[in-house]
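Chain identifiers are assigned alphabetically (A, B, ...) following the order of the sequence lines, protein sequences preceding nucleic acid strands; residue numbering begins at 1 within each chain. Because the structure is predicted, anything quoted here is derived from the model rather than measured.
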Amino acid sequence: MNKTASYSRMPLRPGVQPPAGLRPGTSRVTLLIVLGSETVFFGTVISAYLYLRATQTNLAFTQQLGAQLALPVANTLLLIVSALTAALAGRSIRRGNVKALSGWLLVTLVLGLVFVAGQAFDYLRSGMHPADQAFGGVFFTLMSFHALHMLAGVVVMAIALVRARLGDFTARRHDAIDVGTGFWYYVVAVWVVLFAVLYLI
Amino acid sequence: MATQAETFPQIWVPRSKFLEWVLTTNHKRIGILYLSSAMVFFVVGGLEALLIRIQLAQPNGTVLTAEQYNEVFTMHGTTMIFLVAMPLSIGFGNYIIPLLIGARDMAFPRLNALSFWLFIFGGLVMYSSFLFGGAPDAGWFAYAPLTEKAFNAGMRMDFWSLGIALLGISSTVGAINFIVTDLQLRARGMSLARTPIFVWANFVTSFIAVFALPALLAAVIMLFLDRNIGTHFFIPQAGGNALLWQNLFWFFGHPEVYILILPAMGIISEVVPVFSRKPLFGYMTVAFSTVAIGVISFTVWAHHMFATGLSDVTLYFYSADSFLIGVPTGVKIFSWLGTMWGGKVRFKTAMLMAIGFVSMFLIGGISGIHLAVVPIDWQVEDSYYVVSHMHYVLFGGAIFGLFAGAYYWFPKMTGKLLDETLGKVHFWLMLVGMNMIFGPMAVLGLMGMPRRIYTYPSGFGWDIWNLLATVGAFLTALSVLFFLINVFVTLRGPANAGNDPWDAFTLEWTVSSPPPEHNFDETPTVRSRRPFWDLKHPDLADWKHNR
């Protein structure tokens with residue numbers, strides 16, 4: 001098995017080579033570009049928040065959030081643990097252990113769902129509404145877009161889980177796992193930034 | 001076992017005549033779909049421009065009401081930028097780039113089809129607004145708070161934000177596909193320093209799109225939320241900020257200008273050398289100036305906001321920074337001139353369009369430098385001077401460049417050469433026509449005529465210039481009609497092009513016209529910047545004499 005064939009899943013007939021020049025690492029390059037684009041998106045909304053905040057005189061909302069930190073902190077820790085379990089999933093498949101891979105994928109996925117549920121609960125509890133001044137709108141937008149990304153990550157993990165069960169991954173072929181966990185780390189990292197911006201400053 | 005060349009037709013040829021276009025993931029078909037649907041939108045946007053010019057031909061015009069006029073100029077701008085100039089560049093990129101780099105398709109063919117269909121549905125969402133209570137009417141940059149519910153009831157701006165969101169996602173996804181293709185699929189031996197400039201331009205354009213469009217996407221989502229669930233991003237009375245919209249929009253909007261112009265510059269950089277019988281003069285400087293434009297384009301957005309009360313330091317910075325972007329642009333112009341200088345120039349229509357690009361873009365560039373000077377900008381802000389400037393850049397620049405690409409690559413796509421006589425009529429009518437529109441507009445701007453007024457009284461000395469512009473608009477429309485007739489007649493004619501009608505330098509001309517579904521039986525190996533020249537002239541091959 002040559003290096004090129006190890007990552008490409010193009011449905012090629014016998015005797016047909018993959019397109020020449022398709023280089024290893026394509027999926028990683030693509031993920032980096034996608035995440036760069038995502039960063040501009042989140043960066044835009046976060047700058048909108050900071051811009052509005054800088055021109056705001058009434059900061060009561062931010063203080064209200066800062067007063068009830070227990071649940072968001074617990075949620076954040078949970079999410080950081082999920083990044084570790086995602087890393088363990090990646091390590092399992094690099095060692096060829098498909099069973100451990102499935103297990104860690106499942107744990108990661110469940111932790112992600114618990115996080116989204118926890119944040120939804122925290123949002124409802126705060127009694128904030130998108131129409132509450134400018135801050136309520138930004139808070140709502142950032143929280144919901146992050147939640148959508150979390151759910152996208154959960155879907156990716158679920159697909160990876162099904163494919164792992166079907167025996168799609170081996171120690172040498174696991175690009176989808178690398179991409180999936182890479183996306184997961186990114187969404188966790190975005191949350192850490194959002195937590196600092198929304199709750200701490 | 002069958003050889004590669006024998007098995008390819010079985011793998012790559014699709015199933016049925018109708019489905020092969022709808023379900024296609026082949027970059028050449030998607031390219032043609034992009035180009036032809038963008039031409040349809042070009043005609044629609046052009047008719048909107050004619051309506052504008054008919055309304056303004058004489059003082060106190062009554063052809064359109066004020067409201068209709070707002071709809072027409074908003075849709076004209078939005079159409080020409082998002083549904084014409086961008087998809088035309090993307091269409092050429094789709095068709096040409098894999099051929100130019102010796103690949104069999106884009107990196108992600110299905111994603112490519114997704115980009116195309118998102119573009120079509122984005123355009124349809126935008127235009128369906130006419131059926132649901134009126135089209136968007138707040139200008140192509142849709143300044144808040146005019147776009148908010150309180151000042152703009154109905155669903156016009158909801159259609160606009162949803163349409164823009166779809167188009168933005170389409171272009172972002174497409175750009176990601178292009179970047180990966182340009183990086184990962186180049187033929188053996190095609191190092192970055194041997195990659196054709198059109199690919200460089202596409203690469204930088206795609207980077208700009210990937211990093212600028214998300215800002216627009218975020219902004220239109222905020223606008224949509226403002227209008228529909230009651231957030232207050234852009235409503236000052238409730239703690240929002242109307243200038244936030246301008247900052248977000250122009251953070252996207254200025255890089256967008258280079259998304260529109262860089263592909264045209266890339267096309268020119270392919271056309272000028274072939275028709276001057278010389279390699280591109282200063283290849284590396286052209287490549288680096290493309291990158292420099294891409295980087296600087298992200299740092300100049302506030303020059304669209306000189307009249308919003310920015311601090312002096314901010315004004316100085318953005319003014320100086322905007323001058324700076326003229327440097328890499330000037331470098332390119334000298335490179336094209338240096339390529340023509342001492343060359344054996346063949347004045348085919350493609351080359352005429354390229355020369356038209358260089359001269360018209362120069363006018364647009366210089367009036368752009370005027371507008372970067374803060375006091376001049378304050379004087380002519382929101383006047384027809386700005387309208388003249390941006391049309392010299394986007395029509396005189398982008399559209400001429402895209403037409404150069406059309407005349408240059410049409411024989412590759414169809415196997416048929418466009419008629420040169422009709423092509424030259426098209427070129428000269430368009431050149432005269434556009435100068436008759438946008439020259440008088442510059443004068444009108446200096447005389448103080450504001451943009452976006454739906455009518456004007458006589459007695460300001462504006463009448464004759466407006467009439468001239470309207471006549472020019474009809475000449476330009478006529479020139480485009482000549483192009484469409486040319487395409488129609490040529491498509492019915494015989495296949496007369498052969499594989500290499502221009503005696504060109506690059507890989508797309510090594511294959512048949514039109515190319516086979518899989519492009520290359522064997523993927524080529526590249527040893528210089530002009531691989532096809534090397535193949536045709538082994539003794540004079542570039543790699544033997546320089547690299």
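- Between chain B and the options S37(A), G43(A), G36(A), the largest number of non-hydrogen pairs under 4.5 Å is found for S37(A).
- Using a 4.5 Å cut-off between heavy atoms, L225(B) touches chain A through its side chain atoms alone.
- Atom CG of residue L31(A) and atom CD1 of residue I176(B) lie 10.0 Å apart, to the nearest 0.5 angstrom.
- In this structure the side chain of F251(B) never reaches within 4.5 angstrom of the side chain of T44(A), judged on heavy atoms.
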Could you check F108(B) against T26(A) for side chain to side chain contact (heavy atoms under 4.5 Å, CB included), going step by step and ending with a plain yes or no? CA-CA 10 Å; F108(B) 306 110; T26(A) 298; 4.2 Å; yes
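- Residues satisfying the side-chain contact (heavy atoms from CB on, under 4.5 Å) criterion with S170(B), sequence neighbours excluded, are Y34(B), S115(B), L118(B), F119(B).
- Here the straight-line distance linking atom CD1 of I179(B) with atom CG of L32(A) works out to 11.0 Å at 0.5 Å rounding.
- For L248(B), the part lying under 4.5 angstrom from a heavy atom of chain A is the side chain only.
- Separating the CZ atom in F178(B) from the CD1 atom in I33(A) is a distance of 13.0 Å, to the nearest 0.5 Å.
- By the 4.5 Å heavy-atom criterion applied to side chains, M222(B) and V138(A) are not counted as neighbours.
- Other residues, nucleotides and ligands place more than 12 heavy atoms under 6.0 Å from the CH2 atom of W200(B).
- Between chain A and the options L243(B), V180(B), L213(B), L244(B), the largest number of non-hydrogen pairs under 4.5 Å is found for L244(B).
- Comparing A209(B), A175(B), G230(B) by how many heavy-atom pairs each has under 4.5 Å with chain A, the most go to G230(B).
- The structure places CD of E38(A) at 10.0 Å from OG1 of T172(B), a figure rounded to the nearest 0.5 Å.
- For the pair F233(B) and L52(A), the minimum side-chain heavy-atom distance is below 4.5 Å.
- Using a 4.5 Å cut-off between heavy atoms, D226(B) does not touch chain A at all.
- In this view, D178(A) and R28(A), R94(A), H174(A), D175(A) satisfy the side-chain contact (heavy atoms from CB on, under 4.5 Å) rule, not counting sequence neighbours.
- The CZ atom of F41(A) sits 4.0 Å away from the CD1 atom of I221(B) when rounded to the nearest 0.5 Å.
- Neither the backbone nor the side chain of F42(A) comes within contact range of chain B, judged by heavy atoms closer than 4.5 Å.
- Annotation: the span from T231(B) atom OG1 to F140(A) atom CZ amounts to 8.5 Å, rounded to 0.5 Å.
- For the residue pair Q184(B) and G25(A), the shortest heavy atom distance occurs at NE2-C, 4.0 Å.
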